[in-house]
Number of protein chains: 2
Amino acid sequence: MQVNSVEPDFVQLSAQLKLLAHPERLRILDAIRRAPECVCHLEVLLGKPQPYVSQQLRILREGGLICDARDGLNTYYCVCDLRVRAWLDAILGPVDAQSAHTVLSGCGCPKCVRVALPLVVEFTPGG
Amino acid sequence: MQVNSVEPDFVQLSAQLKLLAHPERLRILDAIRRAPECVCHLEVLLGKPQPYVSQQLRILREGGLICDARDGLNTYYCVCDLRVRAWLDAILGPVDAQSAHTVLSGCGCPKCVRVALPLVVEFTPGG
DNA sequence: ACACTACATGCAAAATTCTACATATAGTAT
DNA sequence: ATACTATATGTAGAATTTTGCATGTAGTGT
């Protein structure tokens with residue numbers, strides 16, 4: 001009978017950690033652990049070309065660190081795995097509730113414009 | 001005035017995580033977070049040649065993840081940084097108190113023989 | 001059908017990391 | 001001094017990762 005702690009699988013664990021251990025991917029994870037974000041939003045956030053961002057997302061997705069959900073043309077990525085969220089909490093600090101989604105100036109993604117647009121509409125005279 | 005959370009340094013963080021994200025180094029860290037261990041003990045633990053082990057230890061040491069203390073001929077390594085210990089707790093699970101140092105059969109390091117030897121000495125007749 | 005938008009994929013050169021092994025050093029004992 | 005033990009360092013070829021870019025695809029509106 002195996003007592004309690006089975007030796008951790010260092011090979012598999014380190015393989016997943018390797019995906020985390022990358023400046024741009026870590027930045028992506030920090031963003032999408034707060035709220036699901038689409039590719040074009042991350043593109044603006046990182047200031048990197050879209051194929052580059054998609055490639056890093058693929059690496060994270062195939063490694064099982066993130067999952068994606070489609071909405072029309074947009075694909076939203078988020079950190080679904082609770083274990084990965086715990087890793088990020090330990091590494092980057094826990095995510096505080098108020099910082100859910102950050103609106104980026106110059107980002108045309110639905111989550112960024114859907115907030116900005118109504119403010120303009122409300123100012124139209126004779127509404 | 002900066003409100004609260006300064007953006008984490010993703011470059012530096014990922015550089016340190018990269019050192020962690022390696023099967024043999026992760027295994028080393030798991031061992032020495034429980035108790036300080038010398039190189040020859042880790043050599044037996046990993047089943048890798050000594051220069052290989054020393055090299056991984058150097059990488060971890062120069063990255064600031066571990067520190068070393070000399071005792072005679074032996075050099076004992078341990079995880080001194082509390083932040084790194086927290087990472088390891090999150091990744092490998094917290095270390096339970098009873099598993100401090102594991103005696104390895106075939107290891108001639110002081111910590112492994114110092115435990116085995118007295119048991120024999122005590123059995124000498126007319127002690 | 002056509003164009004457009006958001007995103008994915010494939011590929012290759014450059015950079016980095018990994019691993020093995022030869023060799024060096026530093027402390028210890030005689 | 002000499003020999004021995006424990007550990008450190010240097011180096012090079014192999015393997016992997018990183019990054020940039022060209023191109024492909026899948027939904028959406030007209």
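What's counted below: heavy atoms across the whole structure, side chains too, no hydrogens, waters or symmetry copies. Lettering of chains follows the sequences in order, A, B, ..., and the numbering in each one begins at 1.
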Next on the checklist: One pair to check against side chain to side chain contact (heavy atoms under 4.5 Å, CB included): B:Leu57 and B:Val39. What are the steps and the verdict?
Outcome noted: CA-CA 8 Å; B:Leu57 286 169; B:Val39 179; 3.8 Å; yes
Item to check | Working for side chain to side chain contact (heavy atoms under 4.5 Å, CB included), residues B:Leu26 and A:Val11 | outcome: CA-CA 9 Å; B:Leu26 193 56; A:Val11 173; over 6 Å; no
Next on the checklist: Checking B:Arg27 against A:Glu7 for the side chain to side chain contact (heavy atoms under 4.5 Å, CB included) test, could you report, in this order, the C-alpha distance in whole Å, the side-chain angles of both residues, the deciding distance, and whether it holds?
Outcome noted: CA-CA 10 Å; B:Arg27 189 184 248 272; A:Glu7 171 137 294; 2.7 Å; yes
Item to check | Chi angles and distances behind the side chain to side chain contact (heavy atoms under 4.5 Å, CB included) call for A:Leu60, A:Tyr77 | outcome: CA-CA 10 Å; A:Leu60 292 172; A:Tyr77 283 91; over 6 Å; no
Counting only pairs under 3.5 Å, give me each side-chain donor-acceptor contact of residues 68-76 of chain A, with atom names and distances, residues two or more places apart or in other chains.
none

Please set out all donor-acceptor pairs under 3.5 angstrom arising from side-chain atoms of residues 46-56 of chain A, sequence neighbours excluded.
from    : atom 1 : to      : atom 2 : distance (Å)
A:Gln50 : NE2    : A:Ser54 : OG     : 3.0
A:Gln56 : OE1    : A:Arg25 : NH1    : 2.8

Show me, pair by pair, the donor-acceptor contacts under 3.5 angstrom made by side chains of residues 80-89 of chain B, not counting sequence neighbours?
from    : atom 1 : to      : atom 2 : distance (Å)
B:Asp81 : OD1    : B:Arg83 : N      : 2.9
B:Asp81 : OD2    : B:Arg83 : NH2    : 3.1
B:Arg83 : NH1    : B:Gln16 : OE1    : 3.1
B:Arg83 : NH2    : B:Gln16 : OE1    : 3.1
B:Arg85 : NH1    : B:Val79 : O      : 2.7
B:Arg85 : NH2    : B:Arg33 : O      : 2.5
B:Asp89 : OD1    : B:Arg33 : NH1    : 3.3

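In this structure, SG on B:Cys107 lies 9.0 Å from CG on B:Leu45, to the nearest 0.5 angstrom. Taking CG of B:Leu29 as the start and CG of B:Leu19 as the end, the distance is 9.0 Å to the nearest 0.5 Å.
As judged by a 4.0 angstrom heavy-atom cut-off over every strand, A:Thr75 is placed among residues touching the sugar-phosphate backbone only. Within 4.0 Å (heavy atoms only), A:Tyr76 reaches no atom of the nucleic acid at all.
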Expected rows: protein N/O vs nucleotides 12-17 of chain C N/O, under 3.5 Å:
none

Sort me out a list of protein N/O and nucleotides 27-30 of chain D N/O pairs below 3.5 Å, or just none if empty.
none

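When the P atom of C:dC18 is taken as reference, atom CD1 of B:Ile28 falls 12 Å away, rounded to whole Å. Rounded to whole angstrom, the span from the CG atom of A:Asp68 across to the P atom of C:dC7 amounts to 11 Å. Atom CD in B:Gln56 sits about 14 Å away from atom C1' in D:dA8, given to the nearest Å. Atom CG in A:Asn74 sits roughly 10 Å away from atom P in C:dA8 (whole-Å rounding).
Judged as a side-chain hydrogen bond (donor to acceptor under 3.5 Å, both in side chains), and not counting sequence neighbours, the contacts of A:Arg34 are A:Asp30, A:Ser99. For the ring pair (Phe, Tyr, Trp, His ring centres under 6.0 Å) test, residues two or more places apart in sequence or in another chain that qualify with A:His41 are A:His101.
Using a 4.5 Å cut-off on side-chain heavy atoms (C-beta onward), A:Ile66 and A:Ile28 make no contact. Here the side chains of B:Pro36 and B:Lys111 are in contact, with some heavy-atom distance below 4.5 Å.
Near DNA chain C, meaning a heavy atom under 4.0 Å away, the residues from residues 58-66 of chain A are A:Arg58, A:Arg61. Contacts between residues 33-52 of chain A and DNA chain C, defined by a heavy-atom separation under 4.0 Å, are made by A:Cys38, A:Val39, A:Cys40, A:Gln50, A:Pro51.
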